[in-house]
Amino acid sequence: MTIYNEIINLLETAVKAAAADFKDMTFKWSSDKFFLTLPGNEKFGDYASNIAFYGAAFYEKTPRELAQLIVDKLPQDKGLLAKVEVAGNGFINFFVAKERIYKELGEILALHGKYGQTSAGVGKHIQIEFVSANPTGPLHVGHGRGAATGDTLARIFKALGYDVQKEYYVNNIGNQMNILGQSVQARFAGKEIPEDGYKGNYIKEIARQISNDKIQMTNEDDFREYAIKTILGWIKKDLEDFGVVFDDWFFENTLYKQGDLKQILLEKLNREYPAKAYEADGAVFVKTTDFGDDKDRVIFRADGRPTYFASDIAYLIDKFERKPPLDQVINIWGADHHGYVPRMQAVASMLGYKEKLKIILYQLVSLKRGKETVPMSTRAGEFVTLRQVLDEVGKDACRFFFLMRSPDSALDFDLELAKKHSSDNPVYYVQYAHARISSVFKEAAKNGLMLDAVSLKIETLELLKEQEEMQLIKKLANFSKILADCARTYDPHWLTIYLQELATVFHNFYTRHRIVTENRELSLARLHLIKAVSIVLKDGLDLLGISAPEKM
RNA sequence: GCGCCCUUAGCUCAGUUGGAUUAGAGCGACUGACUACGAAUCAGUAGGCCACAGGUUCGAAUCCUGUAGGGCGCGCCA
């Protein structure tokens with residue numbers, strides 16, 4: 001178990017014991033109040049809790065008094081805590097015992113690539129649907145942010161024991177697809193592309209392919225299907241080169257193969273909550289206003305054709321009827337789709353899936369070259385593709401930049417900075433720490449210093465007494481809390497920040513203390529320490545989908 | 001007009017479930033540090049009425065209300 005969880009367990013025991021001393025037990029400590037913060041200031045200990053602030057008013061105590069009562073009930077665990085203090089207005093500060101810190105280092109080395117993983121999600125099934133761009137053109141940079149976010153969240157959830165399935169939803173029918181087919185057909189025939197058609201160069205490319213390969217086209221449908229297939233191929237390739245591989249590709253048209261979708265939806269929407277779908281003016285509406293939407297939404301037009309929303313509802317139902325049942329369905333959308341959130345949630349609510357559907361929005365990406373903004377306009381057809389950025393800055397920098405910021409904040413992606421192979425560039429900063437460690441091991445090997453099970457003794461690790469060494473181990477020990485934070489907030493950027501901080505603590509240690517020295521035992525201890533650093537760096541970078549080079 | 005997101009140092013941003021006399025990084029500016037493991041590094045200095053005004057709280061950059069500014073979205077389009 002992690003140091004963090006061990007302390008939480010002690011704390012919960014103590015709080016319950018303290019509460020039992022009061023006659024009135026009506027105050028309930030909610031479980032989300034049991035968390036520890038990592039104080040920036042050393043004098044506040046390694047972990048701190050503000051739990052005493054919550055019950056204080058109820059028990060008519062000051063937070064300080066209550067904190068003391070809780071601390072008095074803390075089970076003694078000398079191997080875990082060296083000191084516990086009540087401080088400030090009522091904080092409880094925990095100072096972790098050195099022995100426990102060495103033990104943690106031993107665990108990192110023993111668990112290797114499995115360190116930081118937990119069983120928090122064992123037995124739970126999560127599905128993440130992301131990117132899902134229409135196959136009407138190549139992916140652009142914005143899709144890249146969604147791809148990086150979804151893929152990394154999937155990797156993190158997997159590390160926490162969840163069963164994760166990544167899915168891409170393909171809109172392969174409907175008006176836009178017809179327009180795509182018509183656009184390609186027009187190009188092929190050397191005619192003008194229709195007014196509302198797709199005019200990008202890639203349309204020409206597809207038309208050229210058709211004539212070069214002498215593919216037989218009998219009607220518009222053939223052009224459409226060929227275009228979709230070709231573009232999907234590009235998308236798949238772009239994603240692969242970006243490190244993203246989907247488990248499943250779900251095609252919209254399959255929703256219409258199970259029968260009359262109108263009848264199916266009417267039946268399902270009206271089964272448990274009667275009259276959630278109704279007909280008016282010849283069209284079919286869903287009563288999303290019952291669940292917070294601004295207006296009811298049409299799912300079948302007066303002429304009988306389904307809207308996009310009809311497919312989306314059918315798709316949502318499909319997901320929730322799968323076996324084994326999904327515990328959570330995550331959708332990752334660009335913020336430009338946020339207007340769609342209320343109606344989706346309304347439908348989830350009326351079908352009883354409200355708690356299980358999580359929609360994550362990420363803000364838009366603007367590309368820069370230094371100070372210059374790179375113009376992007378979908379309307380004018382001049383958008384920068386993911387492929388272009390990938391070719392220019394590489395996968396590692398690209399993913400890192402997308403994952404550096406919280407999805408909530410708009411992202412300025414500076415191509416010039418991402419391309420720089422220098423310290424300005426945070427990707428290289430983290431990777432450099434990893435490469436540097438590899439190179440120290442080469443140096444150590446020259447001096448006959450090798451790490452093995454024999455050299456990994458607790459007495460050896462106990463030689464690590466310097467402040468920078470202790471800081472480094474403590475930083476490493478927070479890895480799994482960081483992963484849990486990413487999962488709880490559905491936000492991978494905590495990990496990106498953490499890796500930069502870990503690299504900083506390592507570089508600082510490195511410049512202050514020599515690793516390979518005459519002192520053989522100390523050298524071995526420090527080699528174990530930096531081995532642990534490289535393990536966590538590698539694991540963290542893996543989760544971000546970024547390489548951890550041995551040299552660069 | 002309505003809704004969602006945002007506004008923190010010259011620039012790009014952290015500050016997650018409210019917390020602890022000094023609100024943190026990086027870049028840029030200025031000072032220093034390699035005759036032993038990679039200076040793609042490290043240490044330090046300067047730089048901020050946390051957009052503005054109220055409110056809730058023992059405590060607010062964080063929550064609520066309003067104002068200003070920016071982005072996005074509001075179709076029987078996708």
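Order of the sequence lines sets the chain letters (A, B, ...), proteins ahead of strands, with each chain counted from 1. This is a predicted model, so every value here is computed, not measured.
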Novice: Can you list the residues that meet the side chain to side chain donor-acceptor pair (under 3.5 Å) rule with A:His528, with sequence neighbours excluded?
Specialist: A:Ser455
Novice: Quick one: pull up CD1 in A:Ile330 and OG1 in A:Thr149 and give me the separation to the nearest 0.5 Å.
Specialist: 12.0 Å
Novice: So A:Ala435, base contact, sugar-phosphate only, or nothing? Heavy-atom distance under 4.0 Å.
Specialist: base
Novice: Determine the interatomic distance between C1' on B:U57 and the same-named atom on B:U12; round to the nearest Å.
Specialist: 34 Å
Novice: Taking the C1' atom of each, how far is B:A9 from B:G48, in whole Å?
Specialist: 5 Å
Novice: In whole angstrom, what separates A:Leu38's CG from B:G15's C1'?
Specialist: 13 Å
Novice: Do the charged groups of A:Arg305 and A:Asp303 touch, with an N to O distance under 4.0 Å?
Specialist: yes
Novice: Enumerate the side chain to side chain donor-acceptor pair (under 3.5 Å) contacts for residues 48-58 of chain A, please, sequence neighbours excluded, ordered by first and then second residue.
Specialist: none
Novice: If you round to the nearest 0.5 Å, how far is NZ of A:Lys229 from CG of A:Leu232?
Specialist: 10.5 Å
Novice: Excluding sequence neighbours, so at least two apart, what forms ring-ring contact (aromatic ring centres under 6.0 Å, His included) with A:Tyr362?
Specialist: none
Novice: Quickly, which of A:Tyr4, A:Tyr47, A:Tyr498 forms a side chain to side chain donor-acceptor pair (under 3.5 Å) with A:Asn478? Name it, please.
Specialist: A:Tyr47
Novice: Do A:Glu416 and A:Lys368 meet the salt-bridge criterion of a basic N to acidic O distance under 4.0 Å?
Specialist: no
Novice: Going by ring-ring contact (aromatic ring centres under 6.0 Å, His included), name the residues that satisfy it together with A:His513, two or more places apart in sequence or in a different chain.
Specialist: A:Phe509
Novice: Say you pick atom C1' in B:A68 and the same atom in B:A53; how far apart are they, in whole Å?
Specialist: 11 Å
Novice: Give each protein N/O atom lying under 3.5 Å from an N/O atom of nucleotides 17-22 of chain B, with the pair distance.
Specialist:
residue	atom	partner	partner atom	Å
B:G19	N7	A:Asn50	ND2	2.9
B:A20	N6	A:Asn93	OD1	2.8
B:A20	N1	A:Asn93	OD1	3.0
B:A20	N1	A:Asn93	ND2	3.0
B:U21	O4	A:Lys43	NZ	2.9

Novice: Over 60° means perpendicular and under 30° means parallel, so tell me whether A:Phe157 and A:Tyr490 are parallel, tilted or perpendicular.
Specialist: tilted
Novice: Under the salt bridge (Lys or Arg N to Asp or Glu O under 4.0 Å) rule, what pairs show up with a residue in residues 33-47 of chain A, not counting sequence neighbours?
Specialist: A:Asp46-A:Lys474
Novice: Any base atoms under 4.0 Å from A:Lys446, or only sugar-phosphate, or nothing? Heavy atoms, all strands.
Specialist: nothing
Novice: Grab the stems for RNA chain B, please: at least three consecutive Watson-Crick or wobble pairs, both distances below 3.5 Å, written as range with range.
Specialist: B:1-7 with B:68-74, B:10-13 with B:24-27, B:29-33 with B:41-45, B:51-55 with B:63-67
Novice: Please state the P separation for the pair B:A61 and B:U56 - nearest whole angstrom.
Specialist: 16 Å
Novice: So which nucleotide from B:A39, B:A40, B:U41 ends up closest to the side chain of A:Tyr428?
Specialist: B:A40
Novice: What residues in residues 398-419 of chain A put a non-hydrogen atom under 4.0 Å from any atom of RNA chain B?
Specialist: A:Arg405, A:Ser406, A:Asp408, A:Ser409, A:Ala410, A:Asp412
Novice: If you define the side chain from C-beta out and look only at heavy atoms, does anything of A:Pro194 sit under 4.5 Å from A:Ile179?
Specialist: no
Novice: Could you measure between the two P atoms, the one in B:C64 and the one in B:G24, and give it in whole Å?
Specialist: 25 Å
Novice: Verify whether one side chain among A:Gln431 and A:Asp396 offers a donor that lies under 3.5 Å from an acceptor in the other.
Specialist: yes
Novice: Give every residue pair that meets the salt bridge (Lys or Arg N to Asp or Glu O under 4.0 Å) criterion with at least one member in residues 57-67 of chain A, sequence neighbours excluded.
Specialist: none
Novice: Which whole number of Å gives the distance between the C1' atom of B:C5 and that of B:G44?
Specialist: 39 Å
Novice: Establish, yes or no, whether a centroid distance under 6.0 Å links the rings of A:Tyr315 and A:Tyr169.
Specialist: yes
Novice: List the residues meeting salt bridge (charged side-chain N to carboxylate O under 4.0 Å, His left out) with A:Arg512, not counting sequence neighbours, and say none if there are none.
Specialist: A:Glu468
Novice: Using a cut-off of 4.0 Å between protein heavy atoms and nucleotide atoms, how would you tag nucleotides 71-78 of chain B 5' to 3' with B, S and -?
Specialist: -BS-SBSB
Novice: Rounding to a whole Å, what distance do you find between A:Tyr490:OH and B:C5:C1'?
Specialist: 20 Å
Novice: Could you tell me how far apart A:Ile482 (CD1) and B:G15 (C1') are, to the nearest whole angstrom?
Specialist: 13 Å
Novice: Under 4.0 Å, heavy atom to any atom of RNA chain B: which of residues 513-526 of chain A qualify?
Specialist: A:His513, A:Arg514, A:Ile515, A:Val516
